[in-house]
Structures are given as structure tokens and as C-alpha cells.
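Let me begin by presenting the structure, written as C-alpha cells, before commenting on it.
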Amino acid sequence: MHNIKNIRNNLDEFKSKIQSRNMDINIEEIVSLDKENRTLIQKKENLEKEKKDISKSKDKSLFEKSKKISIELDSLAKEQSLIKKKLDKILSSIPNIPMGDVPIGKDETFNKEINKFGSIPKFDFNARSHYEIGEKLNMLDFNLATKTTGSRFVFVKDKLAALERAISNFMIDVHTQTNGYKEISPPLMASDDSMYGTGQLPKFENDQFEVKLDEKNDRKFLIPTAEVILTNMARDQILNIKDLPMRLVAATPCFRKEAGSYGKDTKGMIRQHQFYKVELVSIVENDKCEEELNRMTNCATMILDKLKLPYRKIILSTGDMGFSAEKTYDIEVWLPSEKKYREISSCSSCGTFQATRMKARYKNKSNETTFVGTLNGSGLAVGRTLIAILENYQNSDGSVSIPDVLKPYMNNLDKISNN
RNA sequence: GGAAGGAUGGCUGAGCGGUUGAAAGCACCGGUCUUGAAAACCGGCAAAGGGGCAACUCUUUCCUGGGUUCGAAUCCCAGUCCUUCCGCCA
């Protein structure tokens, strides 16, 4: 959510920054709504003052007048709130302003690679895809999921299910024991307000799974990422500066409709309606976002380093960033079957954008109440990590070796094979 | 699902029709004292919004939404959430 005052003072700059995000805004409408709103507020406040004075005076001769003012005030207040709602609706649909060093471009082709790490494995046989490997092992079953549930779901079975769990536990342990995150096991559903706070609503309602709790209008949403629920822990709060930074980690299932991605990644478990993800969230002093983003990105890549998986780090362009982000680094892991890098983590700073929406504040060094900075990143997507391990650690006989750091989590098993 | 109680500032907690934006304590910030710290003492300290270059000033807000009244944190109605007891249950 943008502060209308800031927009007012930097009209042209605001407009061009938003345009760089593939969005054309009607700045004139915003300006005129804002002006109208303020005029009405002034009128309203004058009447309120008059009314207040009368009631303070306790002068009975003025009581009739006060009644009349109430009536006038009533319609004025309705008019003003209507205008304000209209303005808020527009403002809440405008994405965050990118930071200065974010590459400008309309889509992902403008993303910039920053660097590559790890060595790409060389196979003396044709590298199989994760779903070929998994199905051959009888440990990934897409057909069964189609039967019980539908497309874009999967059964993970046997040793692969254990591996999935091991990955999750390993990541959580690294983040809690060496990276200073506090583990949270949160609700997997979020309220309207929470979804609005992190930016999923109102604009992206179609991507969310809605859950009806009763016949009335009480609804919840399955979380598309733990970011929603972890970040909203700070909603409607004024935090003490001593409590910052707040670093949280959770391993949760995530649910996404993936509307608009028909035909994309239909094979395999790259893109599912449900997947596990280990999520990192930081709530920080708002001038420490950039520093924290770098730290968080390193926490994510640390996992890939430990798993010895090859990856690269890229910075997303203005056109490819998420709605709430001001700067995003994606971490992409190498997939031998596709011979390319695929996203396995996305770390974003949202600045004060989400905090403004959810009124998450703290008292800064000068004792002023101000919005916190919020950041979120995957550390990492568990399903895709599983994929990366299957493909990068595959052997010619169809078995899959287990990365050293995961062996303690797998009863010291060396590799997963058919027998 | 039945029965009762509750929701007030960052926190605890008074107020229960009229300068109450709200006592008190804690926390926090500034100062005195101290070699330094603590303690003690003094002072400050809600948020959002409007107007003003500024000093400053005005409005709104005591869970939410209605209502009564010249005037509501305080009275009435509806809703949400929480706590305790009973029932049911992973």
C-alpha cells in the first residue's frame, strides 16, 4: 500500500516507477480523488467542530442546531467514505516501487544473472527427468494422485517420502541452528485481512484456494506460502526495537491454483497445486532491508552449497517481480534433464509495502512510530529440492545417491534404489 | 452445541452519560546523580488523518457495525473474538 502523501509529492517519479512494473496507472484519477477526499474531510471536520462546541457549551438553545448538523454530517461522511474507499481500492492494487538497482524490463528476459556456483554434473548416459526416475523407482505416482484428487498433485512414496521429510528437517535445522531463525508451525489457513496484508488480496484472489467456514461470509484461504502467515504475525502491532530483527522459519504445505499457467510444466512435480516449502521471513528496521535481503539470500544458497547442488543467482527485472516486492533475488538450481536452471528460491525485500498494509510498526531509535521492513524468501522449496536431488544425484542404474548432509536424516542410507 | 464472564494506550489495569485522549504501574526516551552501570530522583511519552514553511492547530479513534442523546469508553441492539464450566472430539 502506498502512502498517498508520497505519491502527491512525487507524481511523475511515482508514475514512471509503476510503469516500469508493467502497470499503467491513471494518475489523474488518483490526484482528483485525493483532492476531493481532502476537501470533504475539511468540510466534515468543520461541522464536527461546531457540533462538539455546542455539546461542550451545554447551551440548550443550540441543541436544535446540533441536531441539524448531525443530519448534514451524516450524508457528508457517507460521501467522503465512498471517495476514500475508491481511492484505497486503486492504491491497494498498485504494486511496490522497485529499488534503484533493479533492472528495468517488461518480463523475465530482462532478469540479470549475478553469478553461478557449483559444478554441473556430467553423466556418461542420458540424464533422466525426475519423474522418470521417480516413477521407475515406484516412488512418485502422478496417476494415483489424478485418481484420488486431480491434476497437479502427486504421491511421494517410500524412500522418496522419507527423503522429502529429510530435506525439510535438514533445512529447518540449518536455519534454526546456524542462521538464527526461530521455528514456527503456523496455521495453514489465513484470514482475509492477512491475505490483504501481504498483498495476495484483493488483486490475486483467483490464485488462492478459498475455504468456506460456514454459510455466512466468513472465509479463509489456504496459504499460498507461509510468508502470508509469518509476516502477518506482526500485523496491527507496534513492536519494540529490541525485538528486531525477527527471523522466522516454517516448513509448511503451500497451495496455489496456478491459474494462468495452463500447459506450463504439466509433466512432473515442478508446478503443483500443493507443495512443501521452507519459508524464511524477516521483520526488520526499515533501513536494514537491503542488508537483510543479502543475508537472507545467503541463508538460502547455503542450503544448496551444503547439498552440493549447482545453482545461479539472478536479480529479477521490474516486470518479473512479485506484487509486494521492491527487489528480488531468485536462486535457480541446475536440472540436468532440462539442461537449464530452474527457480528453487525467491528472496524478496518488500520494504514497508506490506507493513503499511498490515500496520506493522515499531518505535525507532528516535522513539518515532514507523513501519517495519518485511522480507521473505524460500529456504528452499522442498519439492523442487527433491527434484534437483533426483536429477543431479542420479546414477546410470536408475538409483539415486543421497547427498552427504542428508544421510544422517535418512538412517545413513547411501542411495535409493528399486530393491 | 449449552451456561457464564470479558475485550480500554507497547504491556498490566482504572474509569461505567459531560474539558476523559482517557488514572496508576510497567516498558520506552531525555536529564540529574555516578569513574561507569544499576538504583534513586526529575521531565517526556497513543495512533491515524486534515490544515500550516514552521511554531502549531483541528478531527477521529476505548473490539466491529448500528441505535439512543445536544453530548457515549460509559446506555441499548447485532456481530466478531477471547476466557472459564459442561457436552462432543483428533
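Quick note on labels: first sequence line is chain A, next is B, and so on, each numbered from 1.
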Could you go through nucleotides 68-73 of chain B and list every protein N or O atom that sits under 3.5 Å from one of its N or O atoms, giving the distance for each pair?
residue	atom	partner	partner atom	Å
B:rC70	O2'	A:S66	OG	2.8

Please enumerate all protein N or O atoms sitting under 3.5 Å from an N or O of nucleotides 29-32 of chain B, with distances to 0.1 Å.
none

Could you go through nucleotides 49-51 of chain B and list every protein N or O atom that sits under 3.5 Å from one of its N or O atoms, giving the distance for each pair?
residue	atom	partner	partner atom	Å
B:rG49	N2	A:E45	OE2	3.0
B:rG50	OP1	A:R8	NH2	3.2
B:rG51	OP1	A:R38	NH1	2.7

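A:S194 contributes atom OG, which lies 9.0 Å from atom NZ of A:K220 (distance to the nearest 0.5 angstrom). Annotation: the span from A:L248 atom CG to A:T176 atom OG1 amounts to 12.5 Å, rounded to 0.5 Å. Distance CD1/A:I7 to CG/A:D34: 8.5 Å, rounded to 0.5 Å. The distance from the CZ atom of A:R256 to the CD atom of A:Q208 is 8.5 Å, given to the nearest 0.5 Å.
Residues A:S191 and A:D193 have side chains that never bring a donor and an acceptor to within less than 3.5 angstrom of each other. With no hydrogens or angles considered, a side-chain donor-acceptor pair links A:N395 and A:S399 at under 3.5 Å.
Between the CG atom of A:N240 and the C1' atom of B:rC26 there is a distance of 13 Å, given to the nearest Å. Going from atom CG of A:D243 over to atom C1' of B:rC11 covers 12 Å, rounded to whole Å. Rounded to an integer number of Å, the gap from NZ of A:K242 to P of B:rA27 is 9 Å. If you take CD of A:Q237 and C1' of B:rA47, they are 15 Å apart, rounded to a whole angstrom. Distance A:D53 CG to B:rG18 P: 19 Å, rounded to the nearest Å. Following rounding to the nearest Å, A:R235 (CZ) and B:rC63 (C1') show an atom-to-atom distance of 14 Å. The separation between A:D193 atom CG and B:rC63 atom P is 17 Å, rounded to whole Å. The separation between A:K220 atom NZ and B:rU80 atom P is 11 Å, rounded to whole Å.
One P atom belongs to B:rA37, the other to B:rC28, and the distance between them is 15 Å to the nearest Å. Using C1' as the reference atom, B:rG15 and B:rA27 are 22 Å apart when rounded to the nearest Å. Taking the C1' atoms as reference points, B:rG13 lies 8 Å from B:rA24, given to the whole Å. B:rU8 and B:rU69: their C1' atoms are spaced 23 Å apart (whole Å). Remark: the separation of the P atoms in B:rA38 and B:rC86 is 49 Å, to the nearest Å. Rounded to a whole angstrom, the distance from the C1' atom of B:rU35 to that of B:rG43 is 26 Å. As rounded to the nearest Å, B:rC29 and B:rA72 have P atoms that lie 38 Å from one another. Comparing the C1' positions of B:rG9 and B:rC63 gives a spacing of 14 Å, expressed to the nearest Å.
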Between A:E135 and A:F142, is a side chain to side chain contact (heavy atoms under 4.5 Å, CB included) present by the stated rule, with each step listed? CA-CA 8 Å; A:E135 287 185 321; A:F142 296 94; 3.4 Å; yes
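Under 4.0 angstrom from either OP1 or OP2 of B:rU59 there lies no side-chain N or O belonging to A:K44. Here A:K363 does not reach the OP1 or OP2 of B:rC11: none of its side-chain N or O atoms lies under 4.0 Å away.
Taking the six-membered ring for Trp and thresholds of 30 and 60 degrees, A:F117 and A:Y311 have nearly parallel ring planes, at less than 30 degrees apart.
Screening A:T385, A:V382, A:T225 against A:K277 for a side chain to side chain contact (heavy atoms under 4.5 Å, CB included) leaves a single residue, A:T225.
Side-chain atoms of A:L33 and A:N37, non-hydrogen and from C-beta on, never get closer than 4.5 Å to each other. A heavy-atom distance below 4.5 Å is found between the side chains of A:R21 and A:N96. With contacts defined as side-chain heavy-atom distances shorter than 4.5 Å, the pair A:S337/A:R128 does not qualify.
Among residue pairs with one or both ends in residues 370-382 of chain A, those qualifying as side chain to side chain donor-acceptor pair (under 3.5 Å) are A:E227-A:N376, A:N286-A:T370, A:Q354-A:T374; sequence neighbours excluded. For residues 349-365 of chain A, every residue pair satisfying the salt bridge (charged side-chain N to carboxylate O under 4.0 Å, His left out) rule, not counting sequence neighbours, is listed here: A:E285-A:K365.
Using a 4.0 Å heavy-atom cutoff across all strands shown, A:K359 reaches no nucleic acid atom at all.
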Let's test your reading of the pairing rules: Watson-Crick or G-U wobble, both distances under 3.5 Å, then write RNA chain B as a dot-bracket string with ( ), [ ], | and dots. (((((((..(((.....[.....))).(((((.......))))).((((((....)))))).(((((..]....))))))))))))....
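Atom CG of A:N206 sits in a sparse spot, with 12 or fewer heavy atoms from other residues, nucleotides or ligands closer than 6.0 Å.
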